[in-house]
J.: 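Attaching a single structure in structure tokens format; questions to follow.
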Amino acid sequence: MSSSRQALIAGNWKMNGGLAANRTLTEAIVSGLNGSSCDVALCVPSPYLAQMQALANGTRLQVGAQDVSPHASGAFTGEVSADMLRDFGVRFAIVGHSERRQYHGETDAVVATKAQRALAAGITPLVCVGETLAEREAGDTEHVVKRQLAAVIHTNGHCISEIVVAYEPVWAIGTGKTATPEQAQQVHALLRAQLKAASPHADRIRIVYGGSMNAANAAQLLAQPDIDGGLIGGASLKAADFLTIVNAAV
Ligand code: 13P
């Protein structure tokens, strides 16, 4: 982490939760936030945004969504627009998560448009990039992550100073296999250089790591100069583990 950037720890609940469980988990997280100063967000399934807005009200916790429509409004059954998310106090929206790229066919261009919609609504897109295991083993990591980020830079121009980038190696997501701090830092530095070439404000853009980040490995990852926080899946469903990660980011 660099002292010039405020760390961000965001939980991604994915398709987990329920009204009662959400309340218990969120209240436990909120009650443990006092000692920390970093930004903390929970990205929850859309039906729970109203609940999360109420639970986060008056606390340091910020509300996040897991996706946003690339369209502004209209006949797009099942889609949720950026303006609708904003109505529920959403501050962050994940775009381009590898699970959406893989299972829902999201292309780099669609992801870039989603980021654009979020930005236009005053929501910070958490733009996910990351290579698969096959791509890493073929030596394609740099090419893949730069291609994914380039689409977002191309579509959003100078507005990219308002995004957060999440490096999430696909082979590390939900597998218990974490990138080593050195592996992660290496990719973060590449992404930082790419952002610098595109924006005079790149030094303030946060690049967070995601992929089996947990209570045991967070401190080492967060100690890297270009790792500005975490996007946490499984460990965000356990208050104690999530809080340990938050406290490692202070
Ligand atoms: P895990 O922390 O469960 O590996 O998930 C990471 C992730 O995909 C966050 O968006």
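Only a predicted model underlies this, so the values are computations on that prediction, with no experimental measurement involved. Ligands are counted one by one from 1 in listed order, and the atoms in each one are counted from 1 as well.
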J.: As a quick check of understanding, evaluate side-chain contact (heavy atoms from CB on, under 4.5 Å) for Glu131 and Trp171, giving each step before the final call.
T.: CA-CA 8 Å; Glu131 81 288 2; Trp171 48 271; 2.8 Å; yes
J.: Check this for me, if you would: do Arg204 and Glu162 make a salt bridge, where the nitrogen-to-carboxylate-oxygen distance has to be below 4.0 angstrom?
T.: yes
J.: Which bit of Ala172 gets closer than 4.0 Å to ligand 1, counting heavy atoms only: side chain, backbone, both or neither?
T.: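 Near ligand 1, Ala172 shows its backbone, while the atoms from C-beta on stay back.
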J.: Relative to atom 4 (O) of ligand 1, which among Gly233, Cys128, Gly174 owns the nearest non-hydrogen atom?
T.: Gly174
J.: Among all protein heavy atoms, pick the one closest to atom 5 (O) of ligand 1 and tell me residue, atom and distance.
T.: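 Among all protein heavy atoms, the one nearest atom 5 (O) of ligand 1 is Lys14 NZ, 3.3 Å.
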J.: Is ligand 1 less than 4.0 angstrom away from at least one heavy atom of Ala235?
T.: no
J.: Between Asp39 and Arg206, is the closest basic N to carboxylate O distance under 4.0 Å?
T.: yes
J.: Does ligand 1 come near enough to Thr175 that some N or O of the ligand is less than 3.5 Å from an N or O of the residue?
T.: no
J.: Looking only at protein heavy atoms, identify the closest one to atom 9 (C) of ligand 1 and say how far it is in Å.
T.: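 Protein heavy atom at minimum distance: Glu168 OE2, 2.9 Å.
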J.: State whether the side chain of Thr155 and the backbone N or O of Val152 hold a donor-acceptor pair below 3.5 Å, judged by distance alone.
T.: no
J.: Below 4.0 Å, non-hydrogen atoms only: which portion of Asn12 touches ligand 1? Side chain, backbone, both or neither.
T.: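 The answer is the side chain of Asn12.
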J.: Would you mind checking which non-hydrogen protein atom is closest to atom 3 (O) of ligand 1, with the distance to 0.1 Å?
T.: Gly234 N, 2.8 Å
J.: Taking atom types as modelled, find out whether Asn217 and Thr178 have a side-chain donor-acceptor pair closer than 3.5 angstrom.
T.: yes
J.: With no hydrogens and no angle check, just 3.5 Å: does a side-chain donor-acceptor pair link Glu168 and His97?
T.: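 Per modelled atom types, Glu168 and His97 side chains form a pair under 3.5 Å.
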